[in-house]
Amino acid sequence: MSSKQPEHEIVLRGIGGSPGICIGKAYLVDKGGVDVVRKYRLAADKLEAEMNRFKEAVQKAKDELHNILADTPEELRDHARILESHLILLKDKMLYGRTIEIIEKEQVNADWALKKTVDRLRNMFESMSDPYLKARAVDIVHVSERIMDHLTGDERIDIGKIEKRVILVASDLTPAETSQIQLEWIMGFVTARGGRTSHTSIIARSLQIPAVLGIENATKIIHNDDIIIVDGTAGVVVVNPSEKTLLDASNKMSLYEARRARMARESRVVAETTDGVRLEVMGNIELPEEVVSVIDYGGDGIGLYRTEFQYLARKSFPSEDEMYEKYKDVVDVMPDKPVTIRTLDINGDKALAYTNGEYEANPALGLRAIRYCLRKPEVFKTQLRAIMRAAVYGNVRILVPMISCLEEIIATRQLLEEAAASLEKDGVEFNPDLPLGLMIEVPSTVIMADRFAREVDFFSIGTNDLIQYSMAIDRGNRLVAHLYSHLKPPVLKLLDMVCQAAHANHIPVYMCGEMASDPLCTPFLIGLGIRELSMNPGSIPVVKKIIRRLDSRQARAFKNMLLEQGSAEEVESMIRKEYGDMLDEIIDNGKEAGVI
Ligand code: PEP
Ligand code: MG
């Protein structure tokens with residue numbers, strides 16, 4: 001009998017998704033399709049339940065396909081035919097029957113039995129010479145992934161049940177899964193996929209949870225309960241660290257914490273330029289729990305509350321009361337400060353499991369955000385009612401995403417009035433006088449900004465999408481990520497147009513896209529006359545510090561010079577020449593403190 005070998009220290013390098021260091025035990029959420037399934041044996045009396053689990057997963061996959069088919073428009077008949085063939089495959093003896101047989105005969109878990117069946121079928125079809133039959137291998141994989149999703153769906157529910165302090169290790173986490181986790185138990189994140197703009201990163205950063213992403217094979221190399229160190233600043237994970245590595249890491253951790261606390265303390269001051277212009281530096285949040293970080297980092301309010309997370313990871317739309325409670329939670333924590341609640345921005349990259357089904361070749365250009373809400377006025381009105389009710393307790397604004405034409409804002413106002421009238425009728429307490437703002441994310445709103453400014457109370461610029469739609473760069477596509485920059489001259493010119501229109505019409509213009517947190521951009525944004533910047537909470541201290549070192553009149557003149565430049569490189573070198581030393585000093589400080 002061999003005793004357990006001493007484990008060797010393994011150093012893995014990935015992308016730093018959220019700064020800071022933590023040391024703890026790994027908790028594996030291993031679900032990356034059929035290829036990462038583990039095998040385990042089951043006692044004879046557990047087999048029936050396991051077969052039923054598989055049958056239920058097949059049934060759910062079948063229901064899902066039926067729903068999708070019912071919503072597929074006529075012009076997508078070809079797509080529908082593929083789905084119909086998937087429906088048939090679901091009950092195919094070779095797939096369904098064989099998996100049941102393996103569970104029973106080999107006494108193994110359903111996931112493993114499915115994987116074994118699929119591997120065999122895939123090999124069989126791929127080795128066929130007929131191209132049509134060969135191509136069936138792809139359908140087999142797709143069908144099995146759909147079943148697997150439902151099988152591992154149970155595991156996803158487990159994510160919500162974690163009740164010990166752990167470091168979560170997963171192949172990937174969807175926004176739906178992230179929103180299920182009780183984040184107070186999570187010390188750190190390690191994932192195989194995802195980048196700095198993934199939702200895991202965004203949430204981890206705002207909750208100050210260290211995260212390292214992009215560690216291929218993370219779920220294969222790291223085992224449950226392994227001791228690991230996650231250094232989100234360096235983008236490094238150490239598995240089974242030696243005593244010396246552990247000691248070094250805990251020293252580094254204490255240093256970080258002391259610096260971070262100092263930075264947060266210093267951030268309680270107002271963000272005022274050297275010539276006395278006051279800016280509000282606000283926090284972006286996705287979950288109510290994140291408000292605490294905004295306060296810790298000295299935020300002046302919530303500039304963007306992305307509400308879609310409450311709609312994810314569930315089987316049906318949240319009720320008005322549920323939403324009201326969540327919004328009120330946020331408002332109660334900061335009753336005197338602005339809380340900007342953005343209405344549902346669904347589809348695009350975040351789809352609802354219980355309502356999708358309409359096939360969209362280009363989701364980013366499809367039935368997203370306000371377009372979706374206007375298609376489903378009852379869903380929209382429920383949210384508007386919840387917002388107006390929560391607004392009784394504080395300083396709430398409504399922000400509408402993805403507006404591309406005037407009719408959409410007019411229809412929104414109409415629905416707001418209807419929602420208010422229905423609340424009145426129901427005798428429920430609400431606040432009807434909320435500032436209504438629109439997100440500037442689509443170039444058509446920039447072109448018409450002058451007209452839009454007469455319809456709303458404020459603008460908030462969403463640069464993440466504005467850059468995507470104006471530069472034709474898919475914000476989630478790695479292959480074109482090198483083209484994506486906040487400093488591209490066309491982007492700067494668009495922002496200048498928006499600000500001029502807002503100033504001319506005397507409405508405030510805010511920014512809540514990632515550009516607001518980019519230290520290199522702060523002088524330009526002040527020069528534009530933007531007086532409220534909203535960002536990931538961790539970035540607040542650094543941006544506040546920069547603001548306090550700038551003169552707004554000088555920034556305005558500098559902005560005009562930047563607008564003359566022809567490339568992002570030229571813009572950047574001009575910024576560095578003028579402000580480089582000051583920016584480097586503050587950024588280095590922020591890095592040492594582990595906030596950026
Ligand atoms: C944006 O597009 O800049 C924005 C803030 O919205 P989101 O990132 O949620 O699309
Ligand atoms: Mg957006």
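The first residue in the sequence is number 1, and the count goes up from there. In each ligand, atom 1 is the first atom listed, and ligand 1 is the first ligand listed.
- For the pair R576 and E572, the salt-bridge criterion is met [side-chain N within less than 4.0 Å of a carboxylate O].
- Residue contact annotation: R368 has a non-hydrogen atom under 4.0 Å from ligand 1.
- The pair E455-R451 meets the salt-bridge criterion, since a charged nitrogen lies less than 4.0 angstrom from a carboxylate oxygen.
- Relative to the ring axis of Y324, R389 places its NZ or CZ within 45° and under 6.0 Å from the centre.
- Ligand-side atoms of ligand 1 in range of R475: 2 (O), 7 (P), 8 (O), 10 (O), range being under 4.0 angstrom from any heavy atom.
- Taking atom 9 (O) of ligand 1 as the reference point, the nearest protein heavy-atom neighbour is R306 NE, 2.7 Å.
- Taking 4.0 Å as the cut-off, M439 counts as a neighbour of ligand 1 on heavy-atom distance.
- Our summary of the site lists the angle at the Mg ion (ligand 2) between OE2 of E441 and OD2 of D465 as 100°, to the nearest 10 degrees.
- Taking distance alone, with nitrogen or oxygen atoms compared against 3.5 Å, R342 approaches ligand 1 more closely than that limit.
- Salt-bridge annotation for E266 and K545: present, with a side-chain N of the basic residue lying under 4.0 Å from a carboxylate O of the acidic one.
- Within the 4.5 Å cutoff, the side chain of Y311 has heavy atoms near those of the L344 side chain.
- Of all protein heavy atoms, the one lying nearest to atom 2 (O) of ligand 1 is E441 OE2, 2.8 Å.
- Each of the following atoms of ligand 1 lies closer than 4.0 Å to a heavy atom of L304: 5 (C).
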